[in-house]
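A quick write-up on the structure given underneath.
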2 protein chains.
Amino acid sequence: MAGKVEARKAALREKLVDAAEIRIARDGAGALRARDLAQDAGCALGAIYNAFDDLNAIIMAVNGRTFRGLGAAVRASVEDADAEPPTRRLILMSNAYLHFAIANTNLWRALFDLQMTAEGPVPDWYLEALEGLFANIARPVGELFPGMGAEETGLMVRALFSSVHGIVLLGLERRISGVPPEQIETMIAQVLRQIGRS
Amino acid sequence: MAGKVEARKAALREKLVDAAEIRIARDGAGALRARDLAQDAGCALGAIYNAFDDLNAIIMAVNGRTFRGLGAAVRASVEDADAEPPTRRLILMSNAYLHFAIANTNLWRALFDLQMTAEGPVPDWYLEALEGLFANIARPVGELFPGMGAEETGLMVRALFSSVHGIVLLGLERRISGVPPEQIETMIAQVLRQIGRS
DNA sequence: ACTCTATCTTGAACCACGTTCAAAATACCG
DNA sequence: CGGTATTTTGAACGTGGTTCAAGATAGAGT
(Lines give C-alpha, C1' and ligand atoms only; values in the text may rest on other atoms or scores of the structure.)
Protein backbone atom coordinates (compact mmCIF):
# COMPACT_ATOMS: atom_id res chain seq x y z
CA MET A 1 0.00 0.00 0.00
CA ALA A 2 2.42 2.57 -1.22
CA GLY A 3 -0.16 5.19 -2.06
CA LYS A 4 -2.05 5.08 1.22
CA VAL A 5 -0.45 8.20 2.64
CA GLU A 6 -0.96 10.03 -0.59
CA ALA A 7 -4.58 8.97 -0.75
CA ARG A 8 -5.27 10.07 2.81
CA LYS A 9 -3.61 13.38 2.20
CA ALA A 10 -5.56 13.89 -1.01
CA ALA A 11 -8.79 12.97 0.77
CA LEU A 12 -8.08 15.46 3.51
CA ARG A 13 -7.26 18.15 0.99
CA GLU A 14 -10.54 17.52 -0.76
CA LYS A 15 -12.52 17.56 2.48
CA LEU A 16 -10.87 20.82 3.45
CA VAL A 17 -11.57 22.46 0.11
CA ASP A 18 -15.16 21.21 0.21
CA ALA A 19 -15.67 22.67 3.65
CA ALA A 20 -13.94 25.91 2.72
CA GLU A 21 -16.09 26.27 -0.37
CA ILE A 22 -19.26 25.91 1.66
CA ARG A 23 -18.10 28.39 4.27
CA ILE A 24 -16.82 30.95 1.78
CA ALA A 25 -20.03 30.71 -0.23
CA ARG A 26 -22.07 31.31 2.91
CA ASP A 27 -19.98 33.80 4.87
CA GLY A 28 -17.32 35.16 2.52
CA ALA A 29 -13.62 34.46 2.35
CA GLY A 30 -12.90 36.92 5.13
CA ALA A 31 -14.90 34.87 7.60
CA LEU A 32 -13.03 31.63 6.98
CA ARG A 33 -11.58 30.27 10.25
CA ALA A 34 -8.96 27.56 10.51
CA ARG A 35 -10.64 26.07 13.58
CA ASP A 36 -14.04 25.87 11.89
CA LEU A 37 -12.45 24.24 8.89
CA ALA A 38 -10.71 21.63 11.01
CA GLN A 39 -14.01 20.80 12.70
CA ASP A 40 -15.87 20.57 9.38
CA ALA A 41 -13.23 18.32 7.88
CA GLY A 42 -12.95 16.23 11.05
CA CYS A 43 -9.24 16.76 11.42
CA ALA A 44 -6.94 18.43 13.89
CA LEU A 45 -6.16 22.11 13.63
CA GLY A 46 -2.56 21.47 12.72
CA ALA A 47 -3.45 18.94 10.02
CA ILE A 48 -4.58 21.81 7.83
CA TYR A 49 -0.99 22.98 7.61
CA ASN A 50 0.16 19.56 6.59
CA ALA A 51 -2.20 19.56 3.62
CA PHE A 52 -1.81 23.25 2.69
CA ASP A 53 0.76 25.97 3.23
CA ASP A 54 -1.77 28.24 4.86
CA LEU A 55 -5.41 29.28 4.75
CA ASN A 56 -4.77 31.35 1.68
CA ALA A 57 -3.74 28.26 -0.23
CA ILE A 58 -7.13 26.71 0.57
CA ILE A 59 -8.89 29.83 -0.65
CA MET A 60 -6.86 29.60 -3.83
CA ALA A 61 -7.92 25.98 -4.25
CA VAL A 62 -11.54 27.06 -3.90
CA ASN A 63 -10.84 29.82 -6.41
CA GLY A 64 -9.68 27.17 -8.83
CA ARG A 65 -13.03 25.44 -8.63
CA THR A 66 -14.89 28.72 -8.88
CA PHE A 67 -12.92 29.74 -11.94
CA ARG A 68 -13.74 26.46 -13.64
CA GLY A 69 -17.43 27.00 -12.92
CA LEU A 70 -17.30 30.56 -14.13
CA GLY A 71 -15.51 29.56 -17.31
CA ALA A 72 -18.06 26.84 -17.97
CA ALA A 73 -20.98 29.22 -17.41
CA VAL A 74 -19.57 31.82 -19.79
CA ARG A 75 -18.70 29.24 -22.42
CA ALA A 76 -22.12 27.62 -22.19
CA SER A 77 -23.85 30.94 -22.72
CA VAL A 78 -22.53 31.20 -26.29
CA GLU A 79 -22.27 27.50 -27.07
CA ASP A 80 -25.21 27.48 -29.45
CA ALA A 81 -25.02 31.12 -30.43
CA ASP A 82 -22.60 31.00 -33.35
CA ALA A 83 -25.25 32.46 -35.59
CA GLU A 84 -25.90 35.45 -33.35
CA PRO A 85 -24.27 38.78 -34.12
CA PRO A 86 -21.11 39.49 -32.14
CA THR A 87 -22.65 42.17 -29.94
CA ARG A 88 -25.38 39.77 -28.95
CA ARG A 89 -22.82 37.14 -28.02
CA LEU A 90 -20.90 39.63 -25.90
CA ILE A 91 -24.12 40.46 -24.09
CA LEU A 92 -24.91 36.77 -23.58
CA MET A 93 -21.51 36.15 -22.05
CA SER A 94 -21.74 39.24 -19.89
CA ASN A 95 -25.13 38.21 -18.60
CA ALA A 96 -23.77 34.77 -17.84
CA TYR A 97 -20.95 36.47 -15.93
CA LEU A 98 -23.45 38.61 -14.07
CA HIS A 99 -25.70 35.72 -13.12
CA PHE A 100 -22.77 33.63 -12.01
CA ALA A 101 -21.69 36.51 -9.79
CA ILE A 102 -25.21 36.90 -8.42
CA ALA A 103 -25.59 33.19 -7.71
CA ASN A 104 -22.09 32.83 -6.20
CA THR A 105 -21.35 36.30 -4.91
CA ASN A 106 -18.95 35.39 -2.14
CA LEU A 107 -17.11 32.79 -4.16
CA TRP A 108 -16.85 35.16 -7.10
CA ARG A 109 -15.59 37.97 -4.88
CA ALA A 110 -12.89 35.69 -3.49
CA LEU A 111 -11.55 35.33 -7.04
CA PHE A 112 -10.53 38.96 -7.10
CA ASP A 113 -9.53 39.31 -3.49
CA LEU A 114 -6.02 37.97 -3.82
CA GLN A 115 -5.08 41.59 -4.47
CA MET A 116 -4.27 43.11 -1.16
CA THR A 117 -3.52 39.96 0.78
CA ALA A 118 -0.75 38.04 -0.93
CA GLU A 119 2.23 39.65 -2.59
CA GLY A 120 3.63 36.66 -4.38
CA PRO A 121 3.03 35.89 -8.03
CA VAL A 122 -0.39 34.74 -9.16
CA PRO A 123 -0.40 30.99 -9.89
CA ASP A 124 -0.20 29.96 -13.52
CA TRP A 125 -3.56 28.23 -13.59
CA TYR A 126 -5.14 31.49 -12.46
CA LEU A 127 -3.71 33.48 -15.34
CA GLU A 128 -4.58 30.67 -17.73
CA ALA A 129 -8.18 30.64 -16.56
CA LEU A 130 -8.34 34.38 -17.13
CA GLU A 131 -6.86 33.94 -20.60
CA GLY A 132 -9.54 31.35 -21.25
CA LEU A 133 -12.20 33.91 -20.43
CA PHE A 134 -10.49 36.45 -22.64
CA ALA A 135 -10.36 33.98 -25.50
CA ASN A 136 -14.14 33.72 -25.48
CA ILE A 137 -14.40 37.48 -25.69
CA ALA A 138 -11.77 37.74 -28.39
CA ARG A 139 -13.88 35.98 -31.02
CA PRO A 140 -16.82 38.42 -31.13
CA VAL A 141 -14.46 41.36 -30.69
CA GLY A 142 -12.47 40.19 -33.70
CA GLU A 143 -15.66 40.10 -35.73
CA LEU A 144 -16.71 43.54 -34.53
CA PHE A 145 -13.37 45.16 -35.37
CA PRO A 146 -11.95 43.22 -38.30
CA GLY A 147 -9.38 45.86 -39.20
CA MET A 148 -7.92 46.16 -35.73
CA GLY A 149 -4.39 44.95 -35.05
CA ALA A 150 -3.71 42.07 -32.71
CA GLU A 151 -2.33 44.21 -29.93
CA GLU A 152 -5.15 46.70 -30.03
CA THR A 153 -7.66 43.86 -30.12
CA GLY A 154 -6.06 42.35 -27.04
CA LEU A 155 -6.42 45.62 -25.20
CA MET A 156 -10.03 45.96 -26.31
CA VAL A 157 -10.79 42.46 -25.04
CA ARG A 158 -9.32 43.27 -21.65
CA ALA A 159 -11.05 46.63 -21.62
CA LEU A 160 -14.44 45.06 -22.30
CA PHE A 161 -13.95 42.38 -19.70
CA SER A 162 -12.88 44.96 -17.16
CA SER A 163 -15.85 47.15 -17.99
CA VAL A 164 -18.36 44.39 -17.49
CA HIS A 165 -16.53 43.29 -14.37
CA GLY A 166 -16.74 46.84 -13.03
CA ILE A 167 -20.43 47.12 -13.77
CA VAL A 168 -21.13 43.81 -12.04
CA LEU A 169 -18.83 44.61 -9.13
CA LEU A 170 -20.34 47.96 -8.25
CA GLY A 171 -23.79 46.85 -9.29
CA LEU A 172 -23.80 44.02 -6.75
CA GLU A 173 -22.74 46.47 -4.08
CA ARG A 174 -26.30 47.56 -3.48
CA ARG A 175 -25.32 49.83 -0.61
CA ILE A 176 -23.16 51.83 -3.01
CA SER A 177 -24.85 51.63 -6.35
CA GLY A 178 -28.47 51.72 -5.26
CA VAL A 179 -29.25 49.90 -8.48
CA PRO A 180 -31.47 46.79 -8.34
CA PRO A 181 -29.95 43.68 -9.94
CA GLU A 182 -32.40 43.70 -12.82
CA GLN A 183 -30.99 47.01 -13.93
CA ILE A 184 -27.46 45.65 -14.11
CA GLU A 185 -28.34 43.75 -17.25
CA THR A 186 -29.63 46.98 -18.71
CA MET A 187 -26.38 48.78 -17.94
CA ILE A 188 -24.31 46.04 -19.54
CA ALA A 189 -26.50 46.06 -22.63
CA GLN A 190 -26.35 49.85 -22.87
CA VAL A 191 -22.58 49.87 -22.89
CA LEU A 192 -22.05 46.85 -25.13
CA ARG A 193 -24.66 47.92 -27.64
CA GLN A 194 -23.10 51.35 -27.92
CA ILE A 195 -19.68 49.81 -28.42
CA GLY A 196 -20.85 47.25 -30.96
CA ARG A 197 -23.10 49.62 -32.89
CA SER A 198 -21.86 49.49 -36.50
CA MET B 1 -11.67 76.73 29.54
CA ALA B 2 -14.75 74.91 28.47
CA GLY B 3 -13.53 73.96 25.03
CA LYS B 4 -10.20 72.57 26.05
CA VAL B 5 -11.34 69.00 26.15
CA GLU B 6 -13.03 69.34 22.80
CA ALA B 7 -9.92 70.86 21.29
CA ARG B 8 -7.69 68.11 22.63
CA LYS B 9 -10.03 65.48 21.37
CA ALA B 10 -10.20 67.11 17.95
CA ALA B 11 -6.43 67.42 17.84
CA LEU B 12 -6.05 63.75 18.67
CA ARG B 13 -8.56 62.80 16.02
CA GLU B 14 -6.64 64.78 13.46
CA LYS B 15 -3.30 63.30 14.48
CA LEU B 16 -4.78 59.82 14.25
CA VAL B 17 -6.24 60.41 10.82
CA ASP B 18 -2.98 61.97 9.63
CA ALA B 19 -1.02 58.97 10.83
CA ALA B 20 -3.55 56.54 9.40
CA GLU B 21 -3.46 58.28 6.04
CA ILE B 22 0.32 58.00 5.87
CA ARG B 23 0.25 54.34 6.87
CA ILE B 24 -2.58 53.39 4.53
CA ALA B 25 -0.92 55.21 1.65
CA ARG B 26 2.30 53.34 2.29
CA ASP B 27 1.15 49.87 3.33
CA GLY B 28 -2.54 49.60 2.49
CA ALA B 29 -5.59 49.67 4.72
CA GLY B 30 -5.20 46.01 5.60
CA ALA B 31 -1.86 46.68 7.26
CA LEU B 32 -3.16 49.37 9.60
CA ARG B 33 -2.40 48.46 13.23
CA ALA B 34 -3.90 50.10 16.26
CA ARG B 35 -0.62 49.96 18.16
CA ASP B 36 1.35 51.59 15.35
CA LEU B 37 -1.25 54.30 15.11
CA ALA B 38 -1.09 55.00 18.84
CA GLN B 39 2.67 55.29 18.62
CA ASP B 40 2.54 57.59 15.60
CA ALA B 41 -0.02 59.84 17.24
CA GLY B 42 1.80 59.76 20.57
CA CYS B 43 -1.20 58.55 22.52
CA ALA B 44 -2.11 55.45 24.46
CA LEU B 45 -3.58 52.45 22.72
CA GLY B 46 -6.93 52.92 24.40
CA ALA B 47 -7.11 56.61 23.51
CA ILE B 48 -7.88 55.61 19.94
CA TYR B 49 -11.19 54.24 21.12
CA ASN B 50 -11.99 57.43 22.90
CA ALA B 51 -11.64 59.40 19.66
CA PHE B 52 -13.14 56.82 17.30
CA ASP B 53 -15.51 53.89 17.58
CA ASP B 54 -12.98 51.51 16.06
CA LEU B 55 -10.22 51.30 13.48
CA ASN B 56 -12.74 51.17 10.70
CA ALA B 57 -14.01 54.60 11.65
CA ILE B 58 -10.50 55.96 11.19
CA ILE B 59 -10.24 54.34 7.79
CA MET B 60 -13.56 55.94 6.90
CA ALA B 61 -12.22 59.33 8.00
CA VAL B 62 -9.24 58.82 5.72
CA ASN B 63 -11.64 57.77 2.97
CA GLY B 64 -13.41 61.10 3.43
CA ARG B 65 -10.20 62.96 2.69
CA THR B 66 -9.38 60.69 -0.21
CA PHE B 67 -12.82 61.17 -1.71
CA ARG B 68 -12.45 64.94 -1.52
CA GLY B 69 -9.11 64.72 -3.29
CA LEU B 70 -10.49 62.41 -5.93
CA GLY B 71 -13.49 64.66 -6.54
CA ALA B 72 -11.23 67.69 -6.85
CA ALA B 73 -8.93 65.92 -9.30
CA VAL B 74 -11.80 64.80 -11.51
CA ARG B 75 -13.48 68.20 -11.41
CA ALA B 76 -10.25 70.00 -12.20
CA SER B 77 -9.68 67.84 -15.25
CA VAL B 78 -12.70 69.33 -17.02
CA GLU B 79 -12.69 72.75 -15.41
CA ASP B 80 -11.51 74.56 -18.54
CA ALA B 81 -12.81 72.05 -21.03
CA ASP B 82 -16.33 73.30 -21.61
CA ALA B 83 -15.57 73.77 -25.25
CA GLU B 84 -14.38 70.20 -25.73
CA PRO B 85 -16.71 67.58 -27.16
CA PRO B 86 -18.41 65.37 -24.57
CA THR B 87 -16.43 62.26 -25.40
CA ARG B 88 -13.20 64.17 -24.91
CA ARG B 89 -14.41 65.40 -21.53
CA LEU B 90 -15.29 61.89 -20.46
CA ILE B 91 -11.81 60.77 -21.42
CA LEU B 92 -10.25 63.68 -19.52
CA MET B 93 -12.18 62.78 -16.37
CA SER B 94 -11.37 59.10 -16.72
CA ASN B 95 -7.69 59.83 -17.13
CA ALA B 96 -7.81 62.05 -14.05
CA TYR B 97 -9.45 59.14 -12.23
CA LEU B 98 -6.77 56.78 -13.49
CA HIS B 99 -3.90 59.04 -12.50
CA PHE B 100 -5.37 59.67 -9.08
CA ALA B 101 -5.61 55.91 -8.61
CA ILE B 102 -2.02 55.44 -9.79
CA ALA B 103 -0.69 58.18 -7.52
CA ASN B 104 -2.73 57.06 -4.49
CA THR B 105 -3.29 53.39 -5.13
CA ASN B 106 -3.67 52.22 -1.55
CA LEU B 107 -5.81 55.16 -0.47
CA TRP B 108 -7.99 54.76 -3.55
CA ARG B 109 -8.35 51.03 -2.94
CA ALA B 110 -9.48 51.71 0.62
CA LEU B 111 -12.39 53.70 -0.79
CA PHE B 112 -13.91 50.58 -2.24
CA ASP B 113 -12.91 48.16 0.48
CA LEU B 114 -15.75 48.87 2.86
CA GLN B 115 -17.52 46.12 0.96
CA MET B 116 -16.74 42.92 2.69
CA THR B 117 -15.80 44.28 6.06
CA ALA B 118 -18.65 46.31 7.48
CA GLU B 119 -22.28 45.42 7.11
CA GLY B 120 -23.84 48.62 8.29
CA PRO B 121 -25.12 51.32 5.99
CA VAL B 122 -22.67 53.45 4.06
CA PRO B 123 -22.38 56.95 5.56
CA ASP B 124 -24.28 59.72 3.84
CA TRP B 125 -21.22 61.74 2.94
CA TYR B 126 -19.88 58.72 1.12
CA LEU B 127 -22.92 58.38 -1.10
CA GLU B 128 -22.98 62.12 -1.63
CA ALA B 129 -19.37 62.12 -2.74
CA LEU B 130 -20.20 59.36 -5.20
CA GLU B 131 -23.19 61.33 -6.48
CA GLY B 132 -20.86 64.28 -6.93
CA LEU B 133 -18.65 62.18 -9.18
CA PHE B 134 -21.69 60.98 -11.09
CA ALA B 135 -22.89 64.55 -11.58
CA ASN B 136 -19.69 65.37 -13.43
CA ILE B 137 -20.22 62.43 -15.73
CA ALA B 138 -23.89 63.22 -16.25
CA ARG B 139 -23.22 66.43 -18.14
CA PRO B 140 -21.27 65.00 -21.09
CA VAL B 141 -23.51 61.93 -21.12
CA GLY B 142 -26.54 64.17 -21.41
CA GLU B 143 -24.96 65.88 -24.38
CA LEU B 144 -24.04 62.57 -26.00
CA PHE B 145 -27.54 61.12 -25.65
CA PRO B 146 -29.93 64.06 -25.79
CA GLY B 147 -33.01 61.94 -26.41
CA MET B 148 -32.43 59.57 -23.53
CA GLY B 149 -34.79 59.58 -20.55
CA ALA B 150 -33.63 60.60 -17.13
CA GLU B 151 -33.68 57.09 -15.72
CA GLU B 152 -31.82 55.58 -18.61
CA THR B 153 -29.28 58.40 -18.48
CA GLY B 154 -28.73 57.72 -14.80
CA LEU B 155 -28.01 54.09 -15.55
CA MET B 156 -25.66 55.03 -18.36
CA VAL B 157 -23.76 57.36 -16.05
CA ARG B 158 -23.32 54.61 -13.50
CA ALA B 159 -22.44 52.12 -16.19
CA LEU B 160 -19.72 54.36 -17.59
CA PHE B 161 -18.30 55.10 -14.18
CA SER B 162 -18.29 51.40 -13.33
CA SER B 163 -16.63 50.55 -16.64
CA VAL B 164 -13.81 53.01 -16.14
CA HIS B 165 -13.50 51.92 -12.53
CA GLY B 166 -13.22 48.30 -13.66
CA ILE B 167 -10.58 49.10 -16.27
CA VAL B 168 -8.52 51.02 -13.72
CA LEU B 169 -9.04 48.40 -11.02
CA LEU B 170 -7.90 45.42 -13.05
CA GLY B 171 -5.38 47.50 -14.96
CA LEU B 172 -3.55 48.46 -11.77
CA GLU B 173 -3.43 44.81 -10.76
CA ARG B 174 -0.34 44.21 -12.85
CA ARG B 175 -0.04 40.64 -11.66
CA ILE B 176 -3.43 39.91 -13.19
CA SER B 177 -3.76 42.15 -16.17
CA GLY B 178 -0.20 42.13 -17.38
CA VAL B 179 -0.94 45.47 -18.97
CA PRO B 180 1.51 48.35 -18.39
CA PRO B 181 -0.04 51.52 -16.95
CA GLU B 182 0.44 53.48 -20.16
CA GLN B 183 -1.88 51.08 -21.91
CA ILE B 184 -4.67 51.69 -19.43
CA GLU B 185 -5.28 55.10 -20.93
CA THR B 186 -5.53 53.44 -24.31
CA MET B 187 -8.14 50.98 -23.05
CA ILE B 188 -10.23 53.76 -21.53
CA ALA B 189 -10.04 55.79 -24.72
CA GLN B 190 -10.95 52.75 -26.84
CA VAL B 191 -14.09 52.10 -24.87
CA LEU B 192 -15.20 55.70 -24.43
CA ARG B 193 -14.55 56.63 -28.05
CA GLN B 194 -16.58 53.66 -29.24
CA ILE B 195 -19.41 54.63 -26.94
CA GLY B 196 -19.32 58.31 -27.85
CA ARG B 197 -18.92 57.78 -31.57
CA SER B 198 -21.82 59.62 -33.17
C1' DA C 1 6.00 -11.09 12.53
C1' DC C 2 8.97 -7.60 14.48
C1' DT C 3 11.76 -3.88 14.64
C1' DC C 4 13.24 0.62 13.27
C1' DT C 5 13.01 4.85 11.10
C1' DA C 6 10.60 8.34 8.68
C1' DT C 7 6.48 10.57 8.35
C1' DC C 8 2.09 12.15 9.77
C1' DT C 9 -1.09 13.82 13.28
C1' DT C 10 -2.31 16.20 17.26
C1' DG C 11 -3.64 20.03 20.12
C1' DA C 12 -1.49 22.91 23.37
C1' DA C 13 1.14 26.95 23.04
C1' DC C 14 2.84 31.18 20.73
C1' DC C 15 2.22 35.48 18.83
C1' DA C 16 -0.17 39.33 16.84
C1' DC C 17 -4.03 42.05 16.97
C1' DG C 18 -8.59 44.64 18.01
C1' DT C 19 -10.98 45.94 21.78
C1' DT C 20 -12.26 46.62 26.76
C1' DC C 21 -11.97 48.26 31.42
C1' DA C 22 -10.69 49.47 36.08
C1' DA C 23 -7.56 52.45 38.01
C1' DA C 24 -4.95 56.75 37.84
C1' DA C 25 -4.75 61.33 36.17
C1' DT C 26 -6.83 65.38 34.86
C1' DA C 27 -10.39 68.90 34.19
C1' DC C 28 -14.23 71.47 35.67
C1' DC C 29 -17.31 73.62 39.11
C1' DG C 30 -18.85 75.47 43.55
C1' DC D 1 -9.27 74.11 47.53
C1' DG D 2 -12.21 69.96 47.62
C1' DG D 3 -15.17 67.04 45.16
C1' DT D 4 -17.14 65.03 41.18
C1' DA D 5 -17.04 63.91 36.28
C1' DT D 6 -14.45 62.94 32.46
C1' DT D 7 -10.38 61.31 30.09
C1' DT D 8 -6.28 58.75 29.64
C1' DT D 9 -3.71 54.75 30.34
C1' DG D 10 -1.85 50.24 29.41
C1' DA D 11 -2.48 45.74 31.18
C1' DA D 12 -5.55 42.16 30.19
C1' DC D 13 -9.06 39.58 27.34
C1' DG D 14 -10.70 37.13 23.36
C1' DT D 15 -9.93 35.67 18.81
C1' DG D 16 -7.46 33.68 15.26
C1' DG D 17 -3.39 32.05 12.23
C1' DT D 18 0.52 29.35 12.66
C1' DT D 19 4.12 26.39 14.92
C1' DC D 20 6.15 22.51 17.17
C1' DA D 21 7.43 18.82 20.22
C1' DA D 22 5.49 14.63 21.48
C1' DG D 23 2.83 10.66 20.35
C1' DA D 24 0.84 7.66 16.71
C1' DT D 25 1.32 5.39 12.41
C1' DA D 26 3.11 3.55 8.02
C1' DG D 27 6.41 1.19 5.20
C1' DA D 28 10.95 -1.24 4.57
C1' DG D 29 14.28 -4.59 5.89
C1' DT D 30 15.15 -8.95 8.02
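Proteins get letters first, then strands, A, B, ... in listed order; numbering begins at 1 in each.
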Would a 4.5 Å heavy-atom cut-off, applied to side chains only, mark A:Gln183 and B:Glu151 as touching? yes
Interface with DNA chain D, restricted to residues 13-29 of chain B and to heavy atoms under 4.0 Å: none
Can we say B:Glu21 and B:Arg23 salt-bridge, meaning some charged N sits less than 4.0 Å from an Asp/Glu carboxylate O? no
Is B:Arg158 paired with B:Glu131 through a side-chain N to carboxylate O contact shorter than 4.0 Å? yes
Is the shortest side-chain heavy-atom distance between A:Ile91 and A:Asn95 below 4.5 Å? yes
Plane angle bin for B:Phe112 and B:Phe161 - parallel if under 30°, tilted between 30 and 60°, otherwise perpendicular: tilted
With sequence neighbours excluded, what pairs up with B:Leu144 under the side-chain contact (heavy atoms from CB on, under 4.5 Å) test? B:Pro86, B:Thr87, B:Leu90
Length of the CG-P vector between A:Leu12 and C:dT9, whole Å: 7 Å
Taking protein heavy atoms under 4.0 Å as touching, what does nucleotides 12-23 of chain D look like 5' to 3' if B marks base contact, S marks sugar-phosphate-only contact and - marks none? B---BBBB----
Nearest whole angstrom, please: distance from the P of D:dG10 to the CD of B:Gln39. 11 Å
Does a side-chain N or O from A:Asn50 land closer than 4.0 Å to OP1 or OP2 of C:dC8, or not? no
Treat each ILVMFWY residue as a node, draw an edge where side-chain heavy atoms are under 4.5 Å apart, and state whether A:Leu70 and A:Trp125 are in one component. yes
Output the rounded distance in Å from NZ (B:Lys9) to C1' (D:dT6). 10 Å
Considering only NZ, NE, NH1 and NH2 on the basic side and carboxylate oxygens on the acidic side, decide whether B:Arg65 and B:Asp18 come within less than 4.0 Å. yes
